[in-house]
Amino acid sequence: MQSLKSVRGTRDIAPAEALKYRHVVDVAREVSLLYGFEEIATPIFEFSEVFKRTLGETSDIVSKEMYNFRDRGGEELTLRPEYTAGIARAFMSGGIPNALPLKLFASGPMFRYERPQKGRLRQFHQIDIEILGVSSFKADVELLALGAQILRELGITKQVRLEINSLGDVESRNRYRNELVSYFRDHSSFLSEDSLVRLERNPLRILDSKDESDKKIVANAPLMSQSLNDESTAFFDSVLGGLDDLKIDYHRNERLVRGLDYYNHTAFEFVTDALGAQGALIAGGRYDRLIETMGGPATAGIGWAGGVERLSMLANDPPVSERPIAVIPVSDKECAIATRVSHDLRQAGRVVEYAFRGNLSRRLKRANRLNARVAVVIGPDELKREMVMLRDLDSGSQTEATLDALIEKLTFYR
RNA sequence: GCGGGUGUAGCUCAGUUGGUUAGAGCACCAGAUUGUGGAUCUGGGGGCCGUGGGUUCAAAUCCCAUCACUCGCCCCA
């Protein structure tokens, strides 16, 4: 055994944290249901080809971050690094309905071989939203409204802003890319080492470089908005107009780009400054060419993913759960009846903490620590009269109840 | 993959110029209270001082390596 530590970039989720994660996912699910989304799940691993073809061979995810492995049957498989490609595959292979439009919610673990940092893990969790088959800007607006509402219901409003940009259609994007490459080639002697690599592989990435020298060059670089053709401009204006109508604040950011090849038109991120270098809480965009690229019918698509770990670091605490009832036998002689009382209460849907050991004092102490509302004390004196003691753990006052009336009486301590 | 910081009890941290058996608070267990929690007092269990090597009469302390975490770069949720 190598060690008893968890693998780098993975972590154990303790109860308190598990509650927060679940809260984030629950809120996202509930709000997406309000918008008419349906929940699905897809496998945690896929054929490697699914990600290689869709994300682009030159993307960082494919070139150095995927967990690839070969199974006993010799298949080349990959632990999913993101949700969209797998969902697109499920759509084409008939695993999910293909009656368009489709509005889907999903959540689960993702895997990327990266250097861990705050808010960045090798196994992390995402919530994911996709709309397939709607080429109208209305899908963009609804998707963004959904993201904004989830953030609001999680209590993440002040620390977050929506940044949005348009990459345009294929024609616009290619035109802009050419302009950008020729501009940066002219100024390549001032570019950082990283950006010289980007110039060959993904020139749009230079736009959001943090290198000071790069920033000076970028400041005078041609703007994406000026390369958009009429259709692309009109589309983006419609999206922004839709956001205005719903009073959703946004910041138009010409430098916002997306790393993955399949994006076109709308690209956006809900970002925060509260988490250090990992600013993106929710990010996504439109991917109208993706499914066609994978060999399916031309199908418009748009989606986003949100990082559960990142969101839970900023989200409100989840609502407090129901306080338990402590069932406490005074001595071993009452254990059998205490077990039965606990069972009956649980059958009736109550949360019951049945202390396994310790004397009365210890058991009350434990009940108190677990925030129990009331203790059912079962002792020989009361049992002689077929009664049990109810102790209100907030006030300290005690009353007696018959075993028959116990469930009824305890409804006052809800 | 690259650079900076930090690793001592379950948690938060002390630990002097290297010097006896490594400490505190919180938490946990137990007693004061053999049928009554929260408060208080008393006691107890807990440590390969991240790991491995080196220097030294002597290392938690100095040196090297390594691992993990952390902050940034890259990239992204």
Side-chain angles (χ1 to χ4, degrees), chain A residues 2-11 14 16 24 28 55 58-65 81-84 107-129 147 192-195 197-198 201-202 205 208-212 214 257-260 269-272 275-284 303-314 326 328-331 333-334 355 357-375 377-383 389-398:
Chain A
Q2 196 165 27
S3 75
L4 291 177
K5 289 175 176 168
S6 67
V7 173
R8 182 175 207 195
T10 68
R11 47 188 307 196
V24 168
L55 302 179
T58 61
S59 71
D60 273 47
I61 289 183
V62 170
S63 60
K64 57 185 195 193
E65 293 180 0
E82 59 110 42
Y83 235 129
T84 305
S107 70
M110 301 292 154
F111 306 85
R112 293 182 196 171
Y113 188 85
E114 294 193 272
R115 175 118 182 211
Q117 261 178 253
K118 182 178 185 179
R120 191 170 77 184
L121 296 161
R122 289 184 175 180
Q123 176 179 339
F124 61 103
H125 299 80
Q126 287 188 334
I127 50 177
D128 188 90
I129 285 288
S192 67
E193 213 171 304
D194 282 335
S195 285
V197 176
R198 293 183 180 114
R201 308 187 76 179
N202 195 349
R205 272 281 158 213
D208 62 359
S209 171
K210 289 171 189 167
D211 182 88
E212 286 306 321
D214 286 349
V257 296
R258 305 264 72 216
L260 309 180
E269 295 180 357
F270 288 91
V271 297
T272 179
L275 294 180
Q278 273 61 243
L281 293 171
I282 285 177
W304 57 245
V308 174
E309 285 84 354
R310 293 181 187 179
L311 290 166
S312 78
M313 282 191 274
L314 297 177
I328 301 178
V330 169
S331 73
K333 293 196 181 81
E334 293 82 34
R357 62 195 186 93
N359 56 24
L360 179 58
S361 173
R362 287 293 147 197
R363 284 168 159 165
L364 276 167
K365 200 183 188 68
R366 179 176 166 82
N368 186 61
R369 194 171 58 238
L370 294 170
N371 193 32
R373 175 68 186 85
V374 60
V377 178
I378 304 173
D381 299 346
E382 292 88 346
L383 281 183
M389 183 77 81
L390 296 188
R391 181 174 176 88
D392 185 320
L393 292 173
D394 286 349
S395 68
S397 64
Q398 300 191 149

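Below, chain A is the first sequence line, B the second, and so on; all start at residue 1. Everything numeric here is computed off the predicted structure, so don't read it as measured data.
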Spacing of the [atom1] atoms in [M] and [N] (rounded, Å):
| N | M | atom1 | answer |
| --- | --- | --- | --- |
| B/G50 | B/A68 | P | 16 Å |
| B/U61 | B/U51 | P | 11 Å |
| B/A60 | B/A9 | C1' | 14 Å |
| B/U17 | B/C13 | C1' | 23 Å |
| B/G72 | B/G54 | P | 38 Å |
| B/C64 | B/C69 | P | 23 Å |
| B/U8 | B/C2 | P | 25 Å |
| B/G7 | B/C62 | P | 10 Å |

No-H, no-angle donor-acceptor pair, A/Arg198 side chain to B/C75 base, under 3.5 Å: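 No pair found.
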[N] [atom2] sits how many Å from [X] [atom1], rounded?
| X | N | atom1 | atom2 | value |
| --- | --- | --- | --- | --- |
| A/Leu121 | B/U70 | CG | C1' | 13 Å |
| A/Ile282 | B/A77 | CD1 | C1' | 9 Å |
| A/Met313 | B/C71 | CE | C1' | 14 Å |
| A/Arg201 | B/G1 | CZ | C1' | 13 Å |
| A/Arg363 | B/A30 | CZ | C1' | 16 Å |
| A/Glu269 | B/C75 | CD | P | 13 Å |
| A/Lys118 | B/U70 | NZ | C1' | 10 Å |
| A/Asp211 | B/G3 | CG | C1' | 15 Å |

Sugar-phosphate only, base, or nothing, as touched by A/Glu82 at under 4.0 Å among non-hydrogen atoms: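 Answer is nothing: A/Glu82 stays at 4.0 Å or more from every strand.
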Sugar-phosphate, base or nothing in reach of A/Ala280, heavy atoms under 4.0 Å: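 Sugar-phosphate contact only - A/Ala280 comes under 4.0 Å of backbone atoms but never of a base.
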A/Arg258 with A/Glu269: basic N within carboxylate O range, under 4.0 Å: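 Looking at A/Arg258 and A/Glu269, the cut-off is met.
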Let's test this: given Watson-Crick or G-U wobble pairing with both distances under 3.5 Å, identify the partner of [N].
| N | value |
| --- | --- |
| B/U6 | B/A68 |
| B/A30 | B/U42 |
| B/G18 | none |
| B/G25 | B/C11 |
| B/G1 | B/C73 |
| B/C62 | B/G54 |
| B/U36 | none |

Close side-chain approach of [X] to [Y], heavy-atom, < 4.5 Å:
| X | Y | answer |
| --- | --- | --- |
| A/Val330 | A/Ile378 | no |
| A/Leu393 | A/Val374 | no |
| A/Ile127 | A/Leu311 | yes |
| A/Arg310 | A/Leu314 | no |

Would you check if the side chain of [X] reaches a backbone N or O of [Y] as a donor-acceptor pair within less than 3.5 Å?
| X | Y | answer |
| --- | --- | --- |
| A/Arg363 | A/Pro329 | yes |
| A/Ser195 | A/Ser192 | no |
| A/Arg112 | A/Pro81 | yes |

Contacts of A/Glu65 that satisfy side-chain hydrogen bond (donor to acceptor under 3.5 Å, both in side chains) - sequence neighbours left out: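 A/Glu65 satisfies side-chain hydrogen bond (donor to acceptor under 3.5 Å, both in side chains) with no other residue.
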For the student: nearest non-hydrogen atoms of A/Ser209 and A/Asp214, plus distance: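 Taking A/Ser209 first and A/Asp214 second, the nearest heavy atoms are OG-OD2, 2.8 Å.
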Between the protein and nucleotides 67-69 of chain B, are there any N/O to N/O pairs under 3.5 Å, and if so, what are the atom names and distances?
from: B/C69; atom 1: OP1; to: A/Gly9; atom 2: N; distance (Å): 3.3
from: B/C69; atom 1: OP2; to: A/Arg8; atom 2: NE; distance (Å): 3.1

Nucleotide-resolved protein contact map, nucleotides 34-45 of chain B, B/S/- at heavy-atom distance under 4.0 Å: -BBBB-------
Evaluation steps, side-chain contact (heavy atoms from CB on, under 4.5 Å), between A/Val257 and A/Asp208: CA-CA 8 Å; A/Val257 296; A/Asp208 62 359; 3.9 Å; yes
Pairwise 5' ranking along RNA chain B for A/Arg120 and A/Ala283, keeping only the more 5' one: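 Nearer the 5' end of the strand: A/Arg120.
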Pairwise 5' ranking along RNA chain B for A/Asp194 and A/Gly284, keeping only the more 5' one: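 The residue whose closest nucleotide sits nearer the 5' end is A/Asp194.
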A/Phe111 six-ring face occupied by A/Arg122 cation (under 6.0 Å, within 45°):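 Judged by the rule (NZ or CZ under 6.0 Å from the ring centre, within 45° of its axis), A/Arg122 is not positioned above A/Phe111.
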Under 4.0 angstrom between A/Lys210 side-chain N/O and B/C73 OP1 or OP2: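 Result: yes.
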